[in-house]
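Single-structure report; data block below.
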Amino acid sequence: EAAVTQSPRNKVTVTGGNVTLSCRQTNSHNYMYWYRQDTGHGLRLIHYSYGAGNLQIGDVPDGYKATRTTQEDFFLLLELASPSQTSLYFCASSKTGGNQAPLFGEGTRLSVL
Amino acid sequence: GEQVEQLPSILRVQEGSSASINCTYENSASNYFPWYKQEPGENPKLIIDIRSNMERKQTQGLIVLLDKKAKRFSLHITDTQPGDSAMYFCAASLSSGSWQLIFGSGTQLTVMP
């Protein structure tokens, strides 16, 4: 069964802290995405990748880095976390790009104090 | 950047009635339009999608209409049940052939018994 697994599911850090969110998909999908979800804004794309070693910038990339180490693994890095980055983060994957609906992971709730 | 406008943001209907959610997009080259349902504490899940070569699609009590001339698409839920209560998101591909989806800001649907 197709799956996207995120870890951790919950994370609390302090302002200025260093956070890494992990995502693994076992669907042989080429595309992987990081979104953040905030009330009133829907789902906003942070970064995405279409293959190992590839990284593309989304709509709200400031303050975030990402790395795609393998076809399966995509990481989101917050090197100096700020309270404005408190949010619900979703990883997603799809076989192809914008003409296929991404499959979402379970989400990571991040609080930056 | 390009946006997808989704209305209404809050929708309350009586059980057994219909619910309609409307979205508009900016780029006439957009060619793929998925709809997601998100229940509390869960991830968004694809419920129906439509491509630009269609004007109407129906599945299991859901109807999607696409008006390319008006750059508008809509979701209609017939015979609503309490289990339909959730957040709904529309999305549109950024442009023809693009990898990226742009999401609306969501509609919180409540079906009242």
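Naming: A, B, ... by sequence-line order, numbering from 1 per chain. All heavy atoms count here, side chains included; hydrogens, waters and symmetry mates do not.
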Are more than 12 heavy atoms, taken from residues, nucleotides or ligands other than [X], located less than 6.0 Å from that residue's [atom1] atom?
X        : atom1 : result
B:Lys45  : NZ    : yes
B:Glu42  : CD    : yes
A:Lys11  : NZ    : no
A:Leu113 : CG    : yes

Report summary line: Whatever's closer than 4.5 Å to a heavy atom in chain B on A:Phe90 counts as side chain
Query raised in the report: Looking just at side-chain N and O atoms, do A:Gln56 and B:Gln100 make a donor-acceptor pair shorter than 3.5 Å?
Result: no
Group every Ile, Leu, Val, Met, Phe, Trp and Tyr by side-chain heavy-atom contacts under 4.5 Å, then state whether [X] and [Y] land in the same group.
X       : Y       : value
B:Ile77 : B:Val13 : yes
B:Tyr88 : B:Ile63 : no
B:Val64 : B:Leu66 : yes

Report task. Using the test side-chain hydrogen bond (donor to acceptor under 3.5 Å, both in side chains), find all partners of A:Thr70 that sit at least two apart in sequence or belong to another chain. Result ->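 For A:Thr70 the side-chain hydrogen bond (donor to acceptor under 3.5 Å, both in side chains) partners, ignoring immediate neighbours, are A:Glu72, A:Asp73.
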Requested in this report: With side-chain contact (heavy atoms from CB on, under 4.5 Å) as the test, would you mind laying out the steps for B:Asn43 and A:Leu103 before giving the verdict?
Outcome: CA-CA 9 Å; B:Asn43 55 355; A:Leu103 177 68; over 6 Å; no
Query raised in the report: How close do A:Leu43 and B:Pro44 get, heavy atom to heavy atom, and via which atoms?
Result: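 The pair with the smallest heavy-atom distance is CD1-CG, 4.1 Å.
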Requested in this report: Heavy atoms only: give me the nearest A:Gly40-B:Ser105 pair and the separation to one decimal.
Outcome: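 Scanning both residues completely, I find the closest heavy atoms to be O-CB, 3.6 Å.
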**Report entry** Interatomic distance, B:Leu101 atom CG to A:Tyr31 atom OH [nearest 0.5 angstrom]
**Finding:** 11.5 Å
Query - Heavy-atom pairs under 4.5 Å with chain B, option from A:Glu106, A:His41, A:Arg109 with the top count - result: A:Glu106
Report summary line: The interface call for B:Tyr36 against chain A, heavy-atom contacts under 4.5 Å, is side chain
Query raised in the report: Under a 4.5 Å heavy-atom cut-off, does chain A meet the side chain of B:Gln38, its backbone, both or neither?
Result: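 Side chain only.
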Query raised in the report: Is a donor on one side and an acceptor on the other found under 3.5 Å between the side chain of A:Arg44 and the backbone of B:Ile102?
Result: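 No; zero donor-acceptor contacts below 3.5 Å.
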Query raised in the report: Can you check side-chain contact (heavy atoms from CB on, under 4.5 Å) on A:Gln37 and B:Phe103, steps first, answer last?
Result: CA-CA 11 Å; A:Gln37 183 177 13; B:Phe103 283 84; over 6 Å; no
